[in-house]
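Shown next, in structure tokens, is the structure this report addresses.
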Amino acid sequence: MSMEKTFDPAAAEARISAAWEKAGAFRAGAHAKPGAEAFCIMIPPPNVTGALHVGHAFNIVLQDILVRWHRMRGFDTLWQPGQDHAGIATQLVVERKLAEEGNARRQEMGREAFLRKVWEWKAESGGTIVNQLKRLGASCDWERNAFTMSGAPGAPAGEARKFHAAVIRVFVDMYRKGLIYRGKRLVNWDPHFETAISDLEVENIEVAGHMWHFRYPLAGGATYRHVEKDGEGRVVVDEVRDYISIATTRPETMLGDGAVAVHPSDARYAPIVGMLCEIPVGPKEHRRLIPIITDEYPDPAFGSGAVKITGAHDFNDHAVARRNGIPCYRLMDTKGALRADGLPYAEAAARAREIAAGAVAGEAEVDALNLVPEAYRGLDRFEARRRVVADIEAEGLMSGVEAKPIMQPFGDRSKVVIEPMLTDQWFVDTAQIVGPALEAVRKGDTVILPESGEKTYFHWLENIEPWCISRQLWWGHQIPVWYGLEITDSGLQTKSGEKVFVSTVTGDPLDRGNRTNPDFWFCAATDGEAVNLAREKIASVFGVSPNTVDVFPFDIAAAERVRREDSRNCLDPRTGQVVSITDDPELFKEAFRLTFMTACRKNGRIQYAIHRDPDVLDTWFSSGLWPIGTLGWPEKTPEFQKYFPTSVLVTGQDILFFWVARMMMMQLAVVGEVPFRTVYLHGLVRDEKGEKMSKTKGNVIDPLEVIAEFGTDALRFSLAQLAVLGGMPKLSTERIRGNRNFGTKLWNACRFAEMNGVFAEDRGDGVPGARATVNRWIIGEVGRLREEVDAALGAFRFNEAAQALYAFVWGVVCDWYVEFAKPLLTGAD
RNA sequence: GGGUGGUUAGCUCAGUUGGUAGAGCGUCUCGCUUACAUCGAGAAUGUCGGGGGUUCGAGUCCCUCACCACCCACCA
């Protein structure tokens, strides 16, 4: 078969790809020399949210070059492929798809049915991704394809790998070691997805905002002399005021103010520190009074120097509130609307006044108080802001408003304004596990390239914050913790002589905020184990044998549904509290049915109900275990032993914190080893002008379209050329076209050889013994080239390797060697 | 407010121990010569952001200024 003048990528790629697959050329250890050193790369698992873009292509090509380079030289090579379940992103995609297809919404569908839909989506999307990776020529060991949710309950056939088990195992271990904790903290709340997110998932963007200045009247009509001085000590203001002036960019949060703070050194306010002032909003007869306190936080030079403290909706304020024992009143619901639940405003405000006056209130009670006046209840936060401003202005207590650019937090996926929200969440206590991760890079156990990446890594880890890992989503690894209500032995007995149990927990057993005592949390890999833990715990509380305790895990979502749909409610509507349950079977039946109350004694046995935390883990918690999870840990698989720690991680610098740093911490915490020896960070692929590619700009280069037009090699070579260490890859179609031409050039050199019968005879392996000077010369040149390419790749300078090959093929082989060879081939040899 | 990187030919960018600048694309001229017009032959274009310093010698090291980009950050 003689060769065409131009290379036909489509035909060749399909043929070669099939041959590779048939030969098992990419299997772990393929082409390894006996006793060879291992070389392993874990693919950064693409999300199962859709098609691959050119950024993936870039990432894949670099890995493929490293992998093939090692495999070719006889290393025992594994390139581990797989996909990430990508909690929020995938849930979003599937919800959108369901909506487009006119299906029931997730909430109507129920968790189980929805998850089945997600798995269907995953099967489709995962398959697409694998096929696209294959089109890019990725030489992964496809038989080992992994998925971060494989093996999870509800996973369909074909998802039997055990990644889920590894994730759960790590959670349980870390919990038991005290590396994971749960608590009520101010977290970044996404009102669109109605879940907490981590700090990293928040994008701070400057937007046009306003700063309003309001007057908080002093309580009881009190007045004071307000004196302001300029830099030289000259008095510029000296007047009698009956208010304190504060500034805010978020007037709607005033409703939850717990204090006004000034700096302790601020002489202007010294006369009124300790006094009360009034929040100038809401029905006049029930306005709340809050104290004027001192704290280091306010900057006397900024604004009026006085700051309103809203502990439940601002991170700074929260810290101030904590330090000073100021209550944190939550104003919003999960959708970011002002709360409509709880007691009427008048009663809530009355209680808040008592608290302000010194009444003791627990965290749960404070959280349950809804201090939103009826007029604002249920309003969206932005609408509430408008109303609050209008109302204060109408009352004449607004002293000004200025336009001001402000930094506002947005959800990276939802693009809605993030709300600091006081909620119960799970956290990794990163401070405890960060040390080894820092140390490993400092010592060089892991090297990050380019070097600037190490600086960024250090900077972030040295200032690490706790990592919020719980998400109020359905698609993900469900947190392996079961809760029961706190129960104590009251010592009381019924007439028949059996003990009465007392639940010491106040509030609603179905309330997520009500799982306060960790002694009654049961963290275990399976519900069976959780039941056993609970059984032993309850038995020990009452001093009985575990054999006499029955533990019932129940589904809290079902319980909530039962409650919603039942018009009767045996809980005290005021407090939501159930105090004690005796062994009265009728009472038990009623209570259990309506509230899923947690314990009773029945037929001489203790019965105790537990329910699993409905939340799931942050996607990055599971992908943080990618290196060990894909290799079969916790089992000591041969692959784990051979390929871990892995050799190189090739990934985008944008996920240095999200993923790389966390993998370092997690692997070191779990198996005490670094996950990889070298991290190669690359930039985001941009268009030829250096702008981010986006659908709206229309400058997206679709790798599949490029492949269709120019062939995979043209794309791959272009991407390799762009891989400058620390550089910003800018891709243009022109470049790809140029490299398609390069491919043609190479093709034609081969065609020339073929036309001259070079391939007709089998010359065997190894370096041919050349006699002609030209041939000896070119063999030497090839050797030089190889050294050059090896050196470049060894230093992760893909662009230099590409450049060397380009210059050699075009400038040496084609320009000179082919020409020199012509007389040789046409001559009488 | 911190941090990181960048500023080299018209464009996009390389330039790893300091030794008077390179590639691709584009431009201009010529050429369909038996591997290749997705090609060949030839040509033009740079005070390497400004300033200062170290050195025999600096795009390459140091200082400083300007501008750009990105990341991180709680100023109400």
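Throughout, a chain's letter reflects where its sequence line sits, starting with A, and its residues are numbered from 1. The analysis underlying the following values was restricted to heavy atoms, covering all of them including side chains, and did not include hydrogens, waters or symmetry mates.
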Given the C1' atoms of B/G18 and B/C32, what is the spacing between them in whole Å?
-> 48 Å

Heavy-atom side-chain proximity of A/Met254 to A/Asp257 below 4.5 angstrom | yes

Answer with base, sugar-phosphate or nothing: what part of the nucleic acid does A/Glu800 contact at a heavy-atom distance below 4.0 Å?
-> base

With Watson-Crick and G-U wobble geometry limited to distances under 3.5 Å, how should the secondary structure of RNA chain B be encoded in dot-bracket form, using | for bases paired to another strand and [ ] for crossing pairs?
-> (((((((..((((........)))).(((((.......))))).....(((((.......))))))))))))....

Residue from A/Arg716, A/Arg735, A/Gln803 passing side chain to side chain donor-acceptor pair (under 3.5 Å) with A/Gln721 = A/Arg735

Does the side chain of A/Asn741 get closer than 4.0 angstrom to OP1 or OP2 of B/C39 through an N or O atom?
-> yes

Give one of base, sugar-phosphate or nothing for A/Val818, where a contact means two heavy atoms less than 4.0 Å apart.
-> base

Kindly say whether, by distance alone, the side chain of A/Arg740 makes a donor-acceptor pair under 3.5 Å with the base of B/U38?
-> yes

For A/Cys750, report the nucleic acid contact type (base, sugar-phosphate, nothing); a contact means any heavy atom under 4.0 Å.
-> nothing

For A/Tyr376, is the NZ or CZ atom of A/Arg387 found under 6.0 angstrom from the centre of its six-membered ring and inside 45 degrees of the ring axis?
-> no

Atom CZ of A/Phe742 to atom P of B/G40: distance rounded to whole Å?
-> 12 Å

Which nucleotide, B/A35, B/G24, B/A14, lies nearest any side-chain atom of A/Asn799?
-> B/A14

Report the distance from atom CZ of A/Phe710 to atom P of B/U38, rounded to the nearest whole Å.
-> 12 Å

Mind checking the P distance from B/G22 to B/U17? Whole angstroms is fine.
-> 16 Å

Does the base of B/C36 carry an N or O that pairs as donor and acceptor with the side chain of A/Lys745 under 3.5 Å?
-> yes

Do the side-chain N or O atoms of A/Trp747 get closer than 4.0 angstrom to the phosphate oxygens (OP1, OP2) of B/C39?
-> no

In terms of the angle between their ring planes, are A/Trp212 and A/His210 parallel, tilted or perpendicular, with boundaries placed at 30° and 60°?
-> tilted

May I ask you to verify whether the side chain of A/Thr744 and the base of B/U38 hold a donor-acceptor pair under 3.5 Å?
-> yes

N/O contacts under 3.5 Å, protein versus nucleotides 71-76 of chain B?
residue, atom, partner, partner atom, Å
B/C74, O2', A/Asn316, ND2, 2.7
B/C74, N1, A/Asn316, OD1, 3.1
B/C74, O2, A/Asn316, OD1, 2.7
B/C74, O2, A/Asn316, ND2, 3.3
B/A76, OP2, A/Lys404, NZ, 2.7
B/A76, O2', A/Ala247, O, 2.7
B/A76, N6, A/Asp299, O, 2.6
B/A76, N6, A/Phe302, O, 2.3
B/A76, N1, A/Asp299, N, 2.9

Closest to side chain of A/Asp815, choosing from B/C70, B/G40, B/U4 | B/G40

Just wondering, do A/Lys822 and A/Phe752 contact through their side chains at under 4.5 Å, heavy atoms?
-> yes

Residue-phosphate contact under 4.0 Å: A/Lys822 side-chain N/O, B/A35 OP1/OP2 = yes

